[in-house]
Student: 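Once you've had a glance at the structure underneath, I'll fire off some questions.
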Amino acid sequence: MSGVMKRMGMIFRAKANKALDRAEDPRETLDYSYQKQLELLQKVRRGVADVATSRKRLELQLNQLQAQSSKLEDQGRKALSLGREDLAREALSRRAALQQQVTDLETQHQTLQGEEEKLTLAAQRLQAKVDAFRTKKETIKATYTAAQAQTRIGEAFSGISEEMGDVGMAIERAEDKTAQMQARAGAIDELLASGALDDPSGMAKDDIAAELDRLSGGTDVELELQRMKAELAGPGADKQAIEGGQAGQGQQAPQAQPGQPRFDKQ
Amino acid sequence: MIVRIMGEGQVKLDDAHFVELNKLDDELLEEMESGDESGFRRTLGALLDAVRRLGTPLPDDALEPSELILPAEDATLDEVREMLSDDGLIPG
């Protein structure tokens, strides 16, 4: 497929990716960098191991030389006790040469030990840095992923992505539909209330039933009023009764409301 | 595969239909490249009709990435050419 369809799809994807991230994926870069740091750390550790091996080899050589030196010293002593001064001199001169080697090796050993300590410290520091980097890297990656998701959502709604116009249209359509449903529900309520439409649930009352309810509600109010009048019988009872009567009339209106047509629905 | 017709919405198309659609699509590309405006109009109409006929429309609120995208029915040859240029579709 190489026509318009595919090319437009490809351009859309490329542009969307470009909008998301103009260069490379920073998460990949971070992972790569971390990998490189690990490799470096590995090299340093290998260096430490190499130096430690050399140090141990030197220690072995030193031990051998010192053993040989002791042996020559013993041989010199023995030669002297046997009256062979010439042999004793030879043994001591060889020992002196060995001692020189021992001194050289000891210097080398000290140098290596210093190197090893420095490298060990460097490896430890590097390890700490790499660990810190790993934590930071994961945090950055998580933040980036979250930001990317936000960008995607933002794009979908702000119109940068391919979905742009249609999402807006979908929302508009959904809003229209809701308004339409609300209007329809209002109209149905009015029709049910007026009795022009039968309510299959049997919950709504026709206007005759509503009027009967209103009348019976009014009777209840009258009875209550009478009871209160009786309770308050005595001085000032007439005034109370008048006020009560007014209140009773006031209460009648809301009681009648459920049965009345609800034109104010909208 | 999900195909979007710009300004109209998305349809889901069975892969089996792509042989037929590809012919029209390639034809459309040729006409666009040669500047055949009338041919382009005719082929774009035929391609969009075929997509609508063979595909199942996706609900308006479905947010699926489109694998293929088609220009709107009323898109001109110049507009489509611009969309396919280096700077096309989304500037930047």
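Throughout, protein chains are lettered first and strands after them, A, B, ... in sequence-line order, and every chain is numbered starting at 1.
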Student: Is B/Arg52 atom CZ crowded by more than 12 heavy atoms from other residues, nucleotides or ligands, each under 6.0 Å away?
Tutor: yes
Student: Checking B/Glu31 against chain A: side chain, backbone, both or neither under 4.5 Å from a heavy atom?
Tutor: neither
Student: Of the non-hydrogen atoms in B/Asp25 and A/Val4, which two are nearest, and what is the gap between them?
Tutor: OD1-N, 2.9 Å
Student: How many angstroms lie between CG in B/Leu29 and CE in A/Met5, if you round to the nearest 0.5 Å?
Tutor: 11.0 Å
